[in-house]
Number of protein chains: 2
Amino acid sequence: MSTSKLEYEMKAKIIKALAHPSRLMMVDALSEGEKCVCELTELVGADISTVSKHLSVMKNAGIVEDRKAGLQVFYRLRVPCIIKFFGCIEAVMREEAKTKEQIISSVG
Amino acid sequence: MSTSKLEYEMKAKIIKALAHPSRLMMVDALSEGEKCVCELTELVGADISTVSKHLSVMKNAGIVEDRKAGLQVFYRLRVPCIIKFFGCIEAVMREEAKTKEQIISSVG
DNA sequence: GGTATAGTTGGTTGACTTGCCAACCACAAG
DNA sequence: CTTGTGGTTGGCAAGTCAACCAACTATACC
């Protein structure tokens, strides 16, 4: 089952949309439920225009969707499994920590 | 359980190392078992120096590890769960396809 | 030693990303 | 209709990334 080049490009676009500390922080927050831009802005501590752009990157990638309510815009995860993905990323980090430990103990 | 800014940065680094079509293609190939740089070069169809740099990005992020055997260097996945991650990315793509369908049928 | 092969590293160039400010749009409430 | 608030968009400066070529390292084999 060969995967086409176009498909890899689409996947890369989605993954790229997750590949930023502030965006990860927002996704983490959104895993608890929808949040307005103002809440996310306070959370990440950046300019609201910056946060808005981050959100539009993720929206464009299909990771989040929005809903306007009065003056506020609420964002939520469109595909909750994104959260599980983090488990594997943490596994990579644990592996790395383990390797570093071994290096340190072999030097010590 | 609040996650620190540093932790988000580390996770983002790992995710960023996956966020490229050629690198995804290589990870996919490596899920079948280790491959030498020459095989991966042929697979992605880029200059060998480009492929080598992609691999070093992933190695630096802890995604792959390498092993030298004679003239060749073999790379393999360090944390196989990376592959499962793709399942979720595909879910995002399916959701997106579904939404587009709805838009098209509502227009038609 | 000399030569060939497999990879890595350095350097350059063009393209993309990020973050902020400023300007703008949309809704709500006087 | 004006004013205020919440978001978005445009634009710029700084930084990062990707691809190739060229130069280099490392191993193998003669």
Side-chain angles (χ1 to χ4, degrees), chain A residues 5-6 8-27 29-30 33-78, chain B residues 5-6 8-27 29-30 33-78:
Chain A
K5 201 170 174 180
L6 179 64
Y8 283 119
E9 279 166 17
M10 294 196 301
K11 285 184 187 176
K13 181 188 167 189
I14 296 168
I15 297 174
K16 207 181 291 185
L18 284 170
H20 187 288
S22 301
R23 297 202 284 259
L24 287 180
M25 200 182 291
M26 291 192 249
V27 167
L30 292 178
E34 65 174 18
K35 300 249 187 300
C36 67
V37 179
C38 53
E39 286 173 289
L40 296 169
T41 298
E42 189 160 353
L43 175 75
V44 310
D47 194 278
I48 187 171
S49 70
T50 301
V51 171
S52 176
K53 276 176 186 174
H54 279 311
L55 286 165
S56 87
V57 168
M58 293 200 283
K59 184 181 167 185
N60 203 251
I63 294 167
V64 299
E65 51 194 355
D66 59 348
R67 167 179 81 83
K68 187 151 196 179
L71 280 177
Q72 293 175 310
V73 178
F74 289 87
Y75 280 83
R76 64 177 170 284
L77 293 184
R78 207 154 74 110
Chain B
K5 200 169 172 178
L6 179 65
Y8 283 118
E9 278 165 16
M10 293 196 302
K11 286 184 188 176
K13 180 188 167 190
I14 295 168
I15 296 174
K16 205 181 292 186
L18 286 169
H20 187 287
S22 302
R23 296 202 284 258
L24 287 180
M25 201 181 292
M26 291 192 249
V27 167
L30 293 177
E34 67 174 19
K35 300 249 187 300
C36 68
V37 180
C38 54
E39 286 173 289
L40 295 169
T41 298
E42 189 161 352
L43 175 74
V44 311
D47 194 279
I48 187 170
S49 69
T50 302
V51 171
S52 177
K53 277 176 186 172
H54 280 310
L55 286 165
S56 87
V57 168
M58 292 200 284
K59 183 181 168 185
N60 203 251
I63 294 167
V64 299
E65 52 194 355
D66 59 347
R67 169 178 80 83
K68 185 150 196 176
L71 280 177
Q72 294 175 309
V73 178
F74 288 88
Y75 280 84
R76 63 177 169 283
L77 293 185
R78 207 154 73 111

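Quick note on labels: first sequence line is chain A, next is B, and so on, each numbered from 1.
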Partners passing side chain to side chain contact (heavy atoms under 4.5 Å, CB included) against B/Ile48 (at least two apart in sequence or in another chain): B/Val37, B/Thr41

First locate atom CD of A/Glu65, then atom CD of A/Glu34, and finally report the distance between them rounded to the nearest 0.5 Å. 9.5 Å

Between the protein and nucleotides 24-28 of chain C, are there any N/O to N/O pairs under 3.5 Å, and if so, what are the atom names and distances?
none

Using modelled atom types only, decide if a donor and an acceptor are shared between the side chain of A/Glu39 and the backbone of A/Cys36 within a distance under 3.5 Å. yes

Can you name the atoms? Protein N/O to nucleotides 10-13 of chain D N/O, anything below 3.5 Å, with the distance.
from	atom 1	to	atom 2	distance (Å)
D/dG10	O6	A/Lys53	NZ	3.1
D/dG11	O6	A/Lys53	NZ	2.3

Rounded to whole Å, OH of B/Tyr75 lies from C1' of C/dA6 at a distance of 11 Å

Could you state the atom-to-atom distance from NZ of A/Lys59 to C1' of D/dT8 in whole Å? 10 Å

Drop me the distance from B/Cys38's SG to B/Leu43's CG, to the nearest 0.5 angstrom. 11.5 Å

For residues B/Leu40 and B/Met25, determine if any side-chain heavy atom of one lies less than 4.5 Å from a side-chain heavy atom of the other. no

Atom-pair distance (CD on A/Glu9; P on D/dA18), nearest Å: 14 Å

Taking only heavy atoms on the protein side, list every residue of residues 37-46 of chain A lying under 4.0 Å from any atom of DNA chain D, sorted numerically. A/Val37, A/Cys38

Using a 4.5 Å cut-off on heavy atoms from C-beta on, say whether the side chain of A/Val73 contacts that of A/Tyr75. yes

Per atom distances to the B/Gln72 side chain, the nearest of D/dC20, D/dT8, C/dA6 is C/dA6

Is the phosphate of D/dT8 approached by A/Ser52 (side-chain N or O, under 4.0 Å from OP1 or OP2)? yes

Atom-to-atom span, CG of A/Asn60 to C1' of D/dT8 - whole angstrom: 14 Å

Atom CD of A/Glu34 to atom P of D/dG7: distance rounded to whole Å? 12 Å

Kindly list each side-chain donor-acceptor pair under 3.5 angstrom involving residues 16-24 of chain B, sequence neighbours excluded, with atom names and distances?
from	atom 1	to	atom 2	distance (Å)
B/His20	ND1	B/Ser22	N	3.0
B/Arg23	NE	B/Ala17	O	2.8
B/Arg23	NH1	B/His54	ND1	3.0
B/Arg23	NH2	B/Lys16	O	3.3

Is there a side-chain contact between B/Gln72 and B/Phe74, using heavy atoms and a 4.5 Å cut-off? yes

Nearest-0.5 Å distance, CG of residue B/Asp66 to CZ of residue B/Arg78: 10.5 Å

To the nearest Å, give me how far apart CG (A/Asp66) and P (D/dT8) are. 7 Å

D/dA19, OP1 or OP2 - any side-chain N/O from B/His54 closer than 4.0 Å? yes

Separation between CG of A/Leu55 and CE of A/Met26, rounded to the nearest 0.5 Å: 5.0 Å

Measuring from atom NZ of A/Lys53 to atom NZ of A/Lys59, what distance do you get when rounded to the nearest 0.5 angstrom? 15.5 Å

CG of B/Leu55 versus P of D/dA19: gap in Å, rounded? 13 Å

Any side-chain N or O of B/Thr50 under 4.0 Å from OP1/OP2 of D/dC20? yes

Sorted by number, residues from residues 14-26 of chain A placing a heavy atom under 4.0 Å from DNA chain C are A/His20, A/Arg23

Rounded distance (Å) that lies between atom C1' of C/dA6 and atom CG of B/Asp47: 13 Å

Does the side chain to side chain contact (heavy atoms under 4.5 Å, CB included) test come out yes or no for A/Glu9 and A/Lys5, once each step is laid out? CA-CA 6 Å; A/Glu9 279 166 17; A/Lys5 201 170 174 180; 4.1 Å; yes

Between NZ on residue A/Lys35 and CG on residue A/Leu30, distance to nearest 0.5 Å: 7.0 Å

